[in-house]
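Right, one structure below, let's go through it.
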Amino acid sequence: MSKLVWSRREMLAQSLATSAVAGSMALTAGRADAAASPIAAREPLGSGIASADDVVWLDGGAPSAHEGQSWGQPWPRGTRYDKRGYVLESAGGVREAVQTWPMAWWPDGSIKWTGHATVANGARAGGLRVVPGSASPAQTLSVREAGDAITVTVGQTVWTVGRSGEALIRSARVGNAEVLQSVRLLASAQDRADDEDGSPNLARWTGTIESASVEQSGPIRAVIKLDGRHRGSGDRGGSDWMPFSIRLYFHAGSDSVRLVHSMIFDGDPAKRFIRGLGLEGAVPMRDKLHDRHVRFAGENANGNGGLWGEAVRPLTGLRRDPGKAFRDAQVAGTATPPLDQMAAAVRQNLDYIPAWGDFRLRQPNSDGFSIVKRTKPGFGWIDVDTAGRAPGLGYIGGPSGGVAFGMHDFWQRCPVGLDVADAASDTARFTVWYHAPDAPAMDLRFYHDVMGMESFEAQNLGLDVTYEDYEPGWGDASGIARTTEFRIWALPATPPRERLAAMGAGLATPPRMVANVARVHSAGLFGPWSPIASGGPLRGKIEARAKQELDFYVGQVDQRRWYGFWNYGDVMHSYDNDRHVWRYDIGGFAWDNSELSTDMWLWYGFLRSGRADVFRLAEAMTRHTGEVDVYHSGRFKGLGTRHGVQHWADSSKQPRISNAAYRRFYYYLTTDERCGDLMHALVDSDHALKTVDIGRKVMHRADASKPPAGTGAVVADQPLPDGQIFMQFGTVWGSLLGAWLTEWERTRDIRWRDRIVAGMRSIAALPKGWLAGGAAFDLATGRFMGPGDEVNMSHLNGVFGVFEITAELLELIDEPAFRKVWLDYCELYNAPEAEFRARTGASGKGRALTQAHSRYTAYAGVQLRKPDLIKRAWGEFFGAGDREGRDQTRGAHKVTGAAVLKPVDEIAEVSTNDAAQWGIAATVNLTLIGDVLE
C-alpha cells in the first residue's frame, strides 16, 4: 500500500462496526430527511446562513437595491407541486408574491425544482421561506404581442421589442417621453491579421432578427427570446454569418432590461478576423447642451463606487462664473435654473463654450482603463483620465430622460469599451463594445504549422512529448460560442451620482438570491455531498486542504490574469515549477477545458461552503466551458475540445467536455435559460461520433504508448455496421447521461429515461459488465451490442462525472442487474492486483488515479455493507496521492524577485486534474464514510 500522509493510527483509531456502515448508508439516500441526518442538519461553516431560510442572498445580507431576482428552489421527492402557486414568507409572517414555474420533476411526478422570480427590490426581509400560497404582487408587468412587435409595460415604462429587422428593442418610453430607440447588434471583421502586409479589408454586419418568442409573460418576470444572424450592410458587408440568440429579461418594478446574448463564430479563422462586436442604441436628446450629462462608473474601492461625470457643454471651470446654482446642478445631474438666472457674461457667450459630442472608455486589459473625448469627428481626441478596472456602466441623457447601459464581467472580458457619440446632436448613440473595434483584431487561427505530423504515427509522437493531440485541420475555432450579459436602463431623468455608482457596482457584482445549500442537500440533489461540518482532526485536515485549494484557484485567476474575451472562466491544467508559470504554451498542459471535472469540483465547493467567490468562479467557468470549449455548429457540433494551448486546438473532440453534468448545477440554481438550451442541444450529440472517431489514432501508437490494458476499451476490434459506433462507458456514455437525465426530468419525456435504461440493461448483459470498459453502441436503440467479453480498464472512464450522475440515477431508476455490475466495478477498480485477478480472471492494468477512485471504493463499501471496503477507501484516499511528486501537506508559497515577472503564489507540482479529483473524492468520502473518522 502507498505510504500514508497521515498515520493509520489516527485514521483508524477504532475498528469499523456494521453500525458505522449503516450510518453511512443513510447519507447516500437522497430521500433521507434532513432532520434524520446529523451532517445534513449542519450549516456551512462561516456562511452565516440561518437554518430556517429556504433562500438566501449569496453575499450574505440583502442588498440596498436590485433589479429583480430569479432562482431555482429544490424539493425532496414526494413534494406535490402546488398549482395555486408559491410565495416568499418572512420570519415575521409577511408574504410576498413570486412568479413560479416548474423546472424539473421526480420520476413519481412530484416536483424536484421550481423556478421563482421576484420584483425589483423585493425579498429583502429576513428568514425567507418558499411556501405554497398566493399573494398579490406589489408591482406587475404585462406583455402584449401585436403584429410585428412585442410590447412590455413595466410601470410607466413601455418597451417595444422587434420580431424582425435589425432593432432588438425598437423603443422605450417613460411616460410620454421616448428615451431609447433602435438597439442593435454590430460586428466588423477584416480579411487578414493585423501584422500581415497590406491594408486589410474591413466588412461590417448588423444583427437581424429571424424569429421571436415570448417564453414568460409575467406578472412579475417576462422573458423574450430573439434568434437571428449578422447580416452584411453596405458595399463592404460580407455574407451573413454569426448566428445569435438573445434573451430579454424584464422584472416588475425595474426600469431596466437584462440581455443575455450568445453568438456562434462560424467563420473561417483564416479569413475572418473579428474587429468589433457591439450593442448600440440611440437616445433622443431634448435638453439644452449644458443639461446633457455623460457618466462612466469608476473603480469600486472599499465598497465605494467611483463615477466620472461631465456635461456636454461644461459650466464649471470657466473664466466667468455662471452662478453656483448652475454649477451645482450640472455636477449633480439635475436641471439647471432658467437661463435668465445665469450670469450675463456666460449666458450671452454660451455658444463659444465647446460642446463635447463623443466620449470613449477603453479597457484594453484587466489592469487599466482610460477615458477620452472630442467635440466631433474630424477633430482631436483629448485625454481625460485613467484608472484600474471599470465596472462597465455608462449613461447619456438629461433632466428629460436618458439611458444607462453596461455589461457584466466588463474588465474581465477585455479588450472592451463604452462609447457615447453625437451627444451634441438631436440623437446620441451609445455602444457597449464587448470586443473593442480599436483593439487588435481577433486571431483564431491555429497556433503552429504541421511540423511533420501529417500521419497518425507522427501525431502520436507529438502527443508523447507535448501532450497535445494534434491533427491538421482539427484545431478549428469555427463553431465555438460566447455568451455576454448586458443591461439597459430607461430612465426619466439623470440619476443622482450615488445611484449611478451603485448601479455600476451592481452590474459588476450582481446581487443574487440562491437556494440555501442546506435545502439542496436535504432534497437529495446532485449525488453524494454534504455541507462542511465540524469534526475531529482528520476531518479538519481534509477541510483545511479543501479550502486551501479553492482559495488558491480563486486567487490564481487574478494573479495570472486569466482574463479576455475567449479565456475568462477557464483555468490552466498543469504547472511548470522551473519557470514558475502555468504551462500556457505546452500542448495539453495549458487551458484546462473541464478536464477531470473541474467545473463539478467548483460547484461542489460552493454547495459545501456557500462561498460567493467560489460560486462566481464556477459561474464564469460554466459560461466559458459550455460555450467556448464546445462546438455549437459545424462538423463537431455537440462535442467539446480536450485541454490545450487554445481552447479549440486539440484534435480530440469528445462528449466528456461538452458534458451536461457540468452545467446542471448552474441551470437549476439560477434558472438560466441559456444553460438549459446548451444541455438540450446535447441530447443527440452521440450522433456526432458517426463522423468523429475518438479512437482513430490508438492503433497507430507505438506499443509502449498504447493503453496499458489494451485497446478494447477504446476501439472496436473490427469495423462496425452502419448506425453503430464504439463507445466508452465512462468518458462517452457516462458524459451523455447528464443530458438525457436532465431532459427527462425537465420534460417528463420517458424516451430519455428509456434510452438510459437501454444502456444500463445492455451493459449489465455483457459478460464482463462495466469492467468491459466500452463496446459497440447502437445509436437508434441506445443499446450496447457487445461483445464485452474482456476486461478493459481505463483510469479516465471514471473521472468525468459518471460516478456522480450514476449515483443520482440509481436513486431514480431501479435496475438491479446494472446496479450489480456497477458495484462490481466500484469494488474492484482499486482492489489489490491479486484480488482483482482472482475476481475477474484478468490483469488490473490500466488502473490509475487511486486517490480519486477511493470514492468508488467508499460507495461500494456503503452499498454492500462491507466495513473492509470503507477501511480500504480511507487508505486509498490518505495515500501518496495521484499527482506524482506533490507533497500533499504543503500549501502555497510566495515567489518573488528575478525568478518571476511579478510576485505570485504557487503550489509545487500543482495540477488541476489532481485538485479537482481530490476535491470531489474528499466531498464524497466525507459524506459517505466520514463518520468513521470521528
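Note that this is a predicted model, so its numbers are computed, not measured. Keep in mind that the numbers below use all heavy atoms, side chains included, and drop hydrogens, waters and symmetry copies.
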Worksheet entry | K225 vs D677, salt bridge (charged side-chain N to carboxylate O under 4.0 Å, His left out): CA-CA, chis, key distance, verdict | CA-CA 12 Å; K225 184 184 181 187; D677 291 347; 3.6 Å; yes

Worksheet item: Does F803 reach the side chain of P528, with side-chain heavy atoms less than 4.5 Å apart?
Response: yes

Fill in: Side chain proximity check, L186 to W433, heavy atoms < 4.5 angstrom
yes

Worksheet entry | D240 with R231: basic N within carboxylate O range, under 4.0 Å | yes

Worksheet entry | Derivation of the salt bridge (charged side-chain N to carboxylate O under 4.0 Å, His left out) call for R751 and E743 | CA-CA 9 Å; R751 287 182 301 159; E743 193 73 4; over 6 Å; no

Worksheet item: With D585, which residues qualify under side chain to side chain donor-acceptor pair (under 3.5 Å), at least two apart?
Response: R579

Worksheet item: Can you tell which of R701, K697, R642, R696 makes a salt bridge (charged side-chain N to carboxylate O under 4.0 Å, His left out) with D469?
Response: K697

Response to the item:
Of all heavy-atom pairs linking P269 and S478, the shortest is CG-N, 4.3 Å

Discussion item. With rounding to the nearest 0.5 angstrom, report the CG to CH2 distance, L741 to W752.
Written reply: 12.5 Å

Worksheet item: Any salt bridge between E485 and R623, counting N to O under 4.0 Å?
Response: yes

Fill in: For S211, all residues meeting side-chain contact (heavy atoms from CB on, under 4.5 Å), sequence neighbours excluded
D227

Worksheet item: Hey, are E745 and R664 close enough for a salt bridge, meaning a charged N less than 4.0 Å from a carboxylate O?
Response: yes

Worksheet item: In terms of side-chain geometry, is the basic nitrogen of E627 or R663 positioned less than 4.0 Å from the acidic oxygen of its partner?
Response: no

Practice prompt. Inspect the contact between R674 and D672 and indicate whether a charged nitrogen and a carboxylate oxygen are less than 4.0 angstrom apart.
Written response: no

Practice prompt. Evaluate the criterion salt bridge (charged side-chain N to carboxylate O under 4.0 Å, His left out) for residue pair R229 and D266; output intermediate values, then yes/no.
Written response: CA-CA 11 Å; R229 297 178 66 85; D266 62 346; 3.4 Å; yes

Fill in: Distance-only polar pair, side chains of N567 and H647, donor-acceptor under 3.5 Å
yes

Discussion item. Using a 3.5 Å distance criterion without hydrogens, assess whether the side chain of K112 forms a donor-acceptor pair with backbone atoms of L525.
Written reply: no

Practice prompt. Under the side chain to side chain donor-acceptor pair (under 3.5 Å) rule, collect the residues that match up with N460, sequence neighbours excluded.
Written response: none

